[in-house]
Amino acid sequence: MLLHTKIAELLSSTEVDRDVTVKGWVRTKRGNKNVAFIALNDGSIIHNIQIVAEVAKFPEELMKEITTGACLCVKGALVKSQGQGQSMEIQAKEIEVYGPADAETFPLQKKGHTMEFLREIAHLRPRTNTFGAVFRLRHHMAFAIHRFFNDKGFFYVHTPIITGSDAEGAGEMFHVTTMDLKNPPKNPDGSINYKEDFFEKETNLTVSGQLEGELAAMALGLIYTFGPTFRAENSNTPRHLAEFWMIEPEMAFYDINDNMDLAEEMLKYLIQYALDHAMSDLEFLNNMYDKELIARMKSVIEKPFTRLTYTEAIDVLKQQNAKFEFKVEWGTDLQKEHENYLVEHFNGPVILTGYPKNIKAFYMKQDDDGKTVRAMDVLFPWIGEIIGGSQREDNLEKLTTRMREMHIPEKEMSWYLDTRKFGSCPHAGFGLGFERLMLFVTGMTNIRDVMPFPRTPGNAEF
RNA sequence: UCCUCCUUAGCUCAGUUGGUUAGAGCACAUGACUGUUAAUCAUGGGGUCCCUGGUUCGAGCCCAGGAGGGGGAGCCA
């Protein structure tokens, strides 16, 4: 075992004048012919520790190998710094270069790079301050999600990634097959014979775990899923990925109001968790990218989210119709400009409910007026729609009628309908786009920069 | 998928009305400097001007097509 101390621990240590071993990657080196200053980072924290090396004590060849990007093991004394920029530093006694990084070809520099360039070197960008901060935050948010639900008595359910259902209705799907695409087995009528395929039927990558999540909720009570989802939409925006992670809680005996309460509580919990556990990363992102980041996060936690119905929102928006490119009218879906207006108008998150049934999914519970459904969308500052959810239709007859109206094949969904057939109950749930949450807590503006290896149309590198 | 902008050194960008040998800052290399903080100073090397075709005596610059990327919109989370 190669024992060493994490830089995060050293920087918060009060115990100086002791020998330590650190391992990490060189961010910068500067100095003169007598002394070299090496900023070393090991990923445990955004800050570097300064290594001070008296040039005469080390072979010239070794010093030459210490360049930006190289990986070092340093043994030395942790001491109070003589310089101004840091409280502590390490006086190097031994330096071993684990892996040099050729200075002429290593693409990362001391100075800033554009996000676009770093996307092209996604395999190296975790070594930057920015992506170190983003990916540490990503871990904290994932962990906080599990902690939040676990503490509330939710069970984590694993829904399938390969699905035999093509009626989830959330978007275009990626096909999963082992057939020879150049020469697939055919039926007599010329169509593809999926009986010959691996699963002996047509299969896809999931677009949502919701329907399977409902099955679990109607046995375990409170459940959540947290896993990858896939959409083969040709979406080219800073808010969409072809592969993204989604959190989908599903709760038996919750109505739409309970659903909203949970969504609001969860979002506030997660944001508070980031403030409590990742402040040094947030401070960096706040200073470098978005001066409002921390203030915006705090403002969202402080006050209740504004809740209003779709119909009420239309009334608010109609008064502003003159300034909208798309005029609002009851029955049409809200455009981005309308969502943005509402978030600005109410100066914080907005939860909209009671949408017209014709613009929402088949499984949403119909209101008694016959026109609206108990859907909810949570609109957030900075990013727009972060959550979509609903109370589910629990009446078998209403559900099947709606499915017929929307041309959803009943036969294939019989397993789903069985929940309404046998021991149906009021229940509700929602989907939180993990990367959208990440945009909010990092201040990043492009979703490709909060996913380690983003998949978008025309791009599946690494 | 639609609209729009961009593509010149490793990176970020200038590049005049179409005119001789395409520039800067940073990075990198070498040197100077007794503790630096995106160190500083000096010197140096470094180019498929995105690709293909066209117009022209002459194209980084004009035209057509294509590729890649950004922003906006739609689809949504």
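Note that the coordinates shown come from a computational prediction; the quantities given were computed from them, not determined experimentally.
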- Message: Output one letter per nucleotide in nucleotides 30-45 of chain B: B when a protein non-hydrogen atom lies under 4.0 Å from the base, S when only the sugar-phosphate is that close, - when neither is.
- Response: S--BSBBBBB------
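- For the pair A:D377 CG and B:C76 C1', the computed distance is 10 Å after rounding to whole Å.
- Residue A:K6 qualifies as open at atom NZ: its count of foreign heavy atoms under 6.0 Å is 12 or below.
- Atoms NE2 (A:H240) and P (B:G74) sit 9 Å apart, rounded to a whole Å.
- Across A:Y156 and A:F226, no two heavy atoms sit closer than the pair OH-O, 2.9 Å.
- Note on A:F117: only backbone sugar-phosphate atoms sit closer than 4.0 angstrom, heavy atoms only; bases stay farther off.
- Atom CE of A:M173 is separated from atom P of B:C76 by 15 Å (rounded to the nearest Å).
- A:Q109 has its CD atom 12 Å from the P atom of B:A29, to the nearest Å.
- When all heavy atoms of A:A252 and A:A217 are compared, the closest pair comes out as CB-O, 3.6 Å.
- Along RNA chain B, the nucleotide closest to A:G388 and the one closest to A:T67 are compared, and the more 5′ of them pairs with A:T67.
- Using a 30° and 60° split on the angle between ring planes, A:F154 and A:F149 fall in the tilted class, from 30° to 60°.
- A side-chain donor-acceptor contact under 3.5 Å links A:H338 to the backbone of A:Q335.
- Using a distance-only test at 3.5 Å, with no hydrogens or angles considered, a donor-acceptor pair links the side chain of A:N286 to the main chain of A:I294.
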Return the polar atom pairs (N/O with N/O) between nucleotides 69-73 of chain B and the protein under 3.5 Å, or none.
{"residue": "B:G70", "atom": "OP1", "partner": "A:R119", "partner atom": "NH1", "Å": "2.8"}
{"residue": "B:G71", "atom": "OP1", "partner": "A:N446", "partner atom": "ND2", "Å": "3.4"}
{"residue": "B:G71", "atom": "OP2", "partner": "A:N446", "partner atom": "ND2", "Å": "3.3"}
{"residue": "B:A73", "atom": "N6", "partner": "A:N236", "partner atom": "O", "Å": "3.3"}

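- Between the NE2 atom of A:H113 and the P atom of B:G25 there is a distance of 19 Å, given to the nearest Å.
- At distances below 3.5 Å, not a single donor-acceptor pair connects side-chain atoms of A:T229 with backbone N or O atoms of A:T206.
- For A:N321 (side chain) and A:V328 (main-chain N/O), a donor-acceptor pair under 3.5 Å exists by modelled atom type.
- Using a 4.0 Å heavy-atom distance criterion, A:L437 is classed as making no nucleic acid contact.
- Between the CE atom of A:M115 and the C1' atom of B:U12 there is a distance of 14 Å, rounded to whole Å.
- On the P atoms, B:G15 is 13 Å away from B:U8, given to the nearest whole Å.
- Atom CD in A:E233 sits roughly 10 Å away from atom C1' in B:G74 (whole-Å rounding).
- A:I247 comes within 4.0 angstrom of nothing in the nucleic acid, heavy atoms only.
- In this structure, CG of A:L241 is placed 14 Å from C1' of B:C75, rounded to the nearest angstrom.
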